[in-house]
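To start, the structure itself, in structure tokens.
Numbering of ligands and ligand atoms starts at 1, following listing order.
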Amino acid sequence: MRKTPWLIVGVANLLLGGVFAIAVVSPPAQIKTLLLPGKTSHGHYQIEMKCDACHGSEFTTMQDACLKCHQAELKLAKDTHPSSKFNDPTNAERLSLIDAQKCVTCHEEHRDGRTGPMGVTVPIDYCFYCHQETYKSRPSHAEFSFDSCATAGCHNYHDNTALYEAFLWKHADEPDQLPSPTLIRRARQFSALAVSGSTADAPEESLDDKIVHDWSVTTHAMAGVNCRKCHGASTLPADTGAEQILETWSDAVTHETCRTCHELETTTFLQGKHGFRLAEGLPPMMPADARLTMHKAALHRQLTCNSCHAGHRFDTQFAAADACLECHADDHSLAYRGSPHDQLWQRESDGGEPGSGVSCATCHMPRTVADNGSVHINHNQNDNLRPNEKMARDVCMRCHGLQFTLDALADEQLVRNNFNGRPGRQVPSVEMAKTWLNSRTKNRNKAGATPTTNTPE
Ligand code: HEC
Ligand code: HEC
Ligand code: HEC
Ligand code: HEC
Ligand code: HEC
Ligand code: HEC
Ligand code: HEC
Ligand code: HEC
Ligand code: HEC
Ligand code: HEC
């Protein structure tokens, strides 16, 4: 809040307070958003009507709000510049130039004119404040300018898990296509085509033929997840009369019901753009509220589990691409149809080798293995979205070499046309890491020492 006159801040606070009081009796969203000092960033505008999500009184500082939602994710990304790094007195000195311990130093909010990709509000050459010595220590960097450090395929500020030297070194020289792809298999106990023996336990009124048929060929039917397990009263004894069932029956089924059996899918759904409004107690996300281009016919659909898992088939093959394309109509999404990846997916859908196809979900909702070995689908489609090197390790590198992967992800045009074609540029990082680490190993060997640091995992 460096130069903002305190009077303005005071008035804004008063107005905000006033609005919270009025909110009890009037439609809050419109009034609150009128008070926004500027457009909210791409990551947050869908929850902007809930000012409290960040400005709430439960947070002592804004930092607490940021950490509540983002701490776990940055930790998993092995954040290269966590606040704790600057507690070290030798590094603390640099903070007088740029206070890297506070998120808002680089991610202010409602700053329309100067908000870049990923909510970054500082000019991108700020690495200069802390890394001037790099020019001296790395001859290869002598010609680089500071606004190029964060170029795609070079460095990220937070997540360098696919870009650190030892990793680049280890995966240098891989071919464009790996000889044996290693996509994680879904762990299904039931074959979707087996015929179920159970009888639907719904009241007469709800026994629609199509619904019963669709349900009967699903893994739900096979696993004994009968109608009432989702529509309520699953605890009633089996011989309960139809009338009593009807009393507890509800046609509506929310994600909270699904959560009772699918905890991880639901938690991750609530963390991404599709579900985070529900997590904040707001009405569900609708394509009509999107900044991305959506199909007109879908504008008023609400995003729930059913948006992709249409009842009562819960067909995961449909969910993986066809469902997405009912809503998404940006260039990248539309270009998927007919792409090399889509062709592989069509072949898999027609009975080909499981895991050989690449659907929207292969990239945006990758499968993960929990500590206990169970396989889940990450339903937070923002988890690996930006910066896009996040997709390298868990997705692309299961089938492609590292150099090809980084080249493809760094080529904006290729991303826009959904990887129809070959990368048009080559990221130099891999070669640079090779040269640097090879020369260091050689020097050490000459000196008779064994290379210990930077040993690839
Ligand atoms: C996702 C988090 C988030 C949400 C949601 C949010 N804000 Fe903010 N807001 C911020 C951040 C970050 C700042 C900058 C704080 C700083 O610089 O210390 C800010 C600053 C402000 C300021 C001070 C502006 C200035 O010039 O210093 C006002 C006024 C404000 N917000 C109003 C609102 C209102 C009204 C809403 C709801 C309609 C809202 N905000 C929702 C994160 C949020
Ligand atoms: C209520 C939870 C919540 C709070 C509070 C919150 N965020 Fe976010 N933030 C999200 C979600 C959800 C997204 C969108 C999904 C994603 O990109 O991970 C997001 C997106 C972002 C992005 C952009 C990612 C992109 O790809 O565009 C940045 C940067 C970010 N948040 C930083 C912050 C900072 C800094 C604060 C504190 C001022 C903050 N967030 C407060 C939930 C929150
Ligand atoms: C010194 C500047 C700086 C500070 C301080 C900073 N960030 Fe970032 N942040 C960036 C840049 C630059 C990016 C763009 C991607 C990259 O280079 O890592 C980014 C990206 C992000 C993203 C997008 C996803 C990802 O994994 O990169 C999130 C979320 C985020 N920041 C949250 C935070 C939070 C929370 C804090 C405070 C704990 C914070 N940032 C502090 C510069 C900063
Ligand atoms: C506030 C100071 C500060 C800023 C600003 C900063 N860094 Fe750093 N960075 C550090 C410190 C401290 C380290 C720890 C190693 C060291 O002492 O050089 C580090 C380490 C790194 C590393 C090596 C990470 C590792 O562990 O392998 C990379 C890469 C990096 N920074 C890139 C960047 C980039 C790119 C930017 C700008 C987008 C940036 N840094 C901005 C302070 C900073
Ligand atoms: C895995 C959970 C689940 C099971 C099992 C299930 N349903 Fe549903 N059902 C849903 C969902 C989700 C909806 C949509 C609710 C909504 O949109 O609010 C729904 C909707 C309905 C509706 C409302 C009309 C419609 O088509 O939307 C009827 C009637 C219905 N189900 C009957 C049944 C019957 C009969 C069975 C057993 C054969 C059954 N359901 C089994 C989840 C389930
Ligand atoms: C009473 C527990 C229960 C409830 C409630 C439940 N499910 Fe399931 N679901 C299961 C079981 C068990 C399976 C089979 C798992 C397997 O194949 O290993 C399953 C499988 C699935 C599958 C995979 C289908 C396939 O073809 O492999 C999807 C998708 C799914 N459920 C979605 C939902 C949704 C959405 C809801 C809420 C509307 C829901 N489930 C409610 C227990 C439940
Ligand atoms: C954006 C679309 C989308 C939404 C929304 C969605 N899912 Fe899924 N879900 C998928 C896709 C795609 C798959 C299959 C991915 C694969 O095969 O790798 C899947 C798979 C599943 C599975 C099977 C998991 C397994 O390991 O076999 C379950 C269970 C499931 N979803 C539950 C849910 C629940 C519960 C919700 C709501 C909280 C939900 N889904 C919302 C797209 C979605
Ligand atoms: C019912 C409509 C609907 C369906 C179905 C749907 N989405 Fe979305 N999706 C949205 C909306 C709305 C947003 C938020 C866009 C915005 O805020 O501009 C979104 C956001 C996203 C984002 C984040 C974009 C960003 O820039 O942060 C990704 C990635 C995404 N969806 C992928 C998928 C995939 C993959 C599927 C299928 C497995 C899918 N979606 C199914 C409506 C849908
Ligand atoms: C081979 C992997 C891959 C496939 C397949 C794929 N995407 Fe993407 N998608 C990406 C990457 C990489 C990005 C770019 C992230 C970035 O750089 O901002 C992206 C971005 C997006 C975005 C955000 C666009 C924006 O402008 O913010 C949406 C929405 C999206 N994809 C939806 C889809 C849908 C829907 C499908 C299927 C029809 C699909 N994607 C297929 C990898 C893929
Ligand atoms: C399941 C394996 C698999 C995954 C995951 C995958 N791909 Fe592919 N990809 C392939 C195969 C196989 C081809 C070759 C198709 C062909 O030759 O017809 C291909 C083709 C391509 C092409 C076009 C090459 C050409 O010569 O036309 C690009 C670019 C590409 N992939 C990039 C990516 C990126 C980037 C990712 C991650 C975001 C990714 N792929 C994820 C298997 C995969």
Side-chain angles (χ1 to χ4, degrees), residues 1-2 4 8-9 12-13 15-16 19 29 31-38 40-45 47-55 61-62 65-66 69 102-104 107-111 117-118 152 183-184 186-188 219 255 257-259 261-262 264-270 272-275 278 291-293 303-309 314 316-321 323-325 327-328 330-337 339 341-342 345 358-367 374-377 379 381 384-388 390-391 395-396 408-409 412 415-416 418-419:
M1 230 162 256
R2 276 145 287 150
T4 319
I8 299 185
V9 175
N13 278 339
L15 282 171
L16 257 171
V19 165
I31 295 187
K32 280 191 206 164
T33 43
L34 276 180
L35 281 172
L36 284 167
T40 308
S41 64
H42 180 82
H44 295 138
Y45 74 97
I47 51 163
E48 71 184 11
M49 63 286 255
K50 192 175 170 194
C51 314
D52 264 3
C54 298
H55 294 284
T61 62
M62 185 59 82
C66 313
C69 295
K102 289 206 185 71
C103 315
V104 291
H107 302 287
E108 272 184 83
E109 194 44 276
H110 327 301
R111 295 280 187 243
M118 289 172 274
L183 219 57
I184 301 171
R186 274 184 59 206
R188 297 166 47 144
T219 50
H255 65 279
T257 304
C258 315
R259 190 205 280 269
C261 300
H262 301 299
L264 267 167
E265 277 74 18
T266 309
T267 320
T268 48
F269 167 76
L270 293 172
K273 274 267 180 87
H274 287 150
L278 287 172
R291 284 185 188 164
L292 296 176
T293 315
L303 255 158
T304 63
C305 307
N306 277 64
S307 311
C308 301
H309 299 296
F314 298 91
T316 51
Q317 196 168 301
F318 172 81
C324 322
L325 287 167
C327 293
H328 287 279
D330 54 284
D331 292 348
H332 162 88
S333 300
L334 295 178
Y336 171 74
R337 281 290 177 238
S339 67
H341 289 143
D342 181 35
W345 172 242
V358 185
S359 66
C360 314
T362 310
C363 294
H364 291 292
M365 302 175 65
R367 299 163 192 182
S374 61
V375 175
H376 295 275
I377 312 291
H379 277 60
Q381 75 301 317
N384 68 1
L385 189 64
R386 279 182 294 258
N388 71 20
K390 275 185 190 294
M391 232 179 248
V395 182
C396 321
L409 291 172
E412 283 177 36
V415 174
R416 198 169 310 127
N418 221 312
F419 310 101

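- Atoms of ligand 1 found under 4.0 Å from any heavy atom of Lys32, numbered from 1 in the order shown, are 35 (C), 38 (C).
- Distances shorter than 4.0 angstrom occur between a heavy atom of Arg111 and an atom of ligand 1.
- To the nearest 0.5 Å, the span separating OG on Ser359 from CZ on Phe318 amounts to 13.0 Å.
- Residue-ligand proximity, His274 to ligand 7, at heavy-atom distances under 4.0 Å covers atoms 1 (C).
- Heavy atoms of Arg367 found under 4.0 angstrom from ligand 7 belong exclusively to the side chain.
- At a cut-off of 2.8 Å, His55 is counted among the residues with an N, O or S atom near atom 8 (Fe) of ligand 1.
- Taking a cut-off of 2.8 Å, the protein N, O or S atoms nearer than that to atom 8 (Fe) of ligand 7 are His309 NE2, His379 NE2.
- For ligand 7, the atoms sitting less than 4.0 Å from at least one non-hydrogen atom of Cys258 are 35 (C), numbered in the order shown with element in parentheses.
- Annotation: side-chain hydrogen bond (donor to acceptor under 3.5 Å, both in side chains) contacts of Thr266 (sequence neighbours excluded): none.
- Donor-acceptor pairing under 3.5 Å is recorded for the side chains of His376 and Ser374.
- Side-chain contact, Arg186 with Thr316: a donor N or O sits under 3.5 Å from an acceptor N or O.
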Exercise. Evaluate the criterion side-chain contact (heavy atoms from CB on, under 4.5 Å) for residue pair Arg386 and His42; output intermediate values, then yes/no.
Key: CA-CA 12 Å; Arg386 279 182 294 258; His42 180 82; 3.3 Å; yes

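- Between His364 and Met391 there is a side-chain heavy-atom pair separated by less than 4.5 Å.
- Contacts with ligand 1 closer than 4.0 Å are made by side-chain heavy atoms of Pro37 only, the backbone lying farther away.
- In Glu48, the part holding a heavy atom less than 4.0 Å from any atom of ligand 1 is the backbone.
- Distance check for His110 against atom 8 (Fe) of ligand 1: an N/O/S atom falls below 2.8 Å.
- Less than 4.0 angstrom separates some heavy atom of Val104 from each of these atoms of ligand 1: 12 (C).
- Aromatic ring orientation, His332 versus Phe419: perpendicular (interplanar angle above 60°, classes split at 30° and 60°).
- With rounding to the nearest 0.5 angstrom, the OG1 atom of Thr267 is 11.0 Å from the NE2 atom of His379.
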Polar pairs, ligand 9 vs protein, N/O only, below 3.5 Å.
unit_1: ligand 9; atom_1: 7 (N); unit_2: His332; atom_2: NE2; d: 2.9
unit_1: ligand 9; atom_1: 7 (N); unit_2: His364; atom_2: NE2; d: 2.8
unit_1: ligand 9; atom_1: 9 (N); unit_2: His332; atom_2: NE2; d: 2.8
unit_1: ligand 9; atom_1: 9 (N); unit_2: His364; atom_2: NE2; d: 2.9
unit_1: ligand 9; atom_1: 17 (O); unit_2: Asn388; atom_2: ND2; d: 3.0
unit_1: ligand 9; atom_1: 27 (O); unit_2: Arg386; atom_2: NH1; d: 3.4
unit_1: ligand 9; atom_1: 31 (N); unit_2: His332; atom_2: NE2; d: 2.8
unit_1: ligand 9; atom_1: 31 (N); unit_2: His364; atom_2: NE2; d: 2.8
unit_1: ligand 9; atom_1: 40 (N); unit_2: His332; atom_2: NE2; d: 2.8
unit_1: ligand 9; atom_1: 40 (N); unit_2: His364; atom_2: NE2; d: 2.8

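- Atom CG of Asn418 sits about 7.5 Å away from atom SG of Cys360, to the nearest 0.5 Å.
- Atom numbering of ligand 1 starts at 1 in the shown order; those under 4.0 Å from a heavy atom of Cys54 are 1 (C), 2 (C), 3 (C), 4 (C), 5 (C), 42 (C), 43 (C).
- Proximity of His255 to Leu270: side-chain heavy atoms (C-beta onward) are separated by under 4.5 Å at one or more points.
- Residues passing the salt bridge (charged side-chain N to carboxylate O under 4.0 Å, His left out) test with Arg337 are Asp322, Asp342, sequence neighbours excluded.
- Within the 4.0 Å heavy-atom criterion, the part of Lys50 lying near ligand 1 is the backbone and not the side chain.
- Without hydrogens or angle criteria, Thr40 side chain to Tyr45 main chain gives no donor-acceptor distance under 3.5 Å.
- Counting heavy atoms closer than 4.0 Å to ligand 7, residue Val375 contributes backbone atoms (N, CA, C, O) but none from C-beta onward.
- Without hydrogens or angle criteria, Glu109 side chain to Ser41 main chain gives a donor-acceptor distance under 3.5 Å.
- Side-chain contact between His55 and Met62 is present, with at least one heavy-atom pair separated by less than 4.5 Å.
- Proximity of a side-chain donor or acceptor of Asn388 to a complementary backbone N or O of Leu409 within less than 3.5 Å is detected.
- Distance check, rounded to the nearest 0.5 Å: SG of Cys305 to CD of Glu265 gives 9.5 Å.
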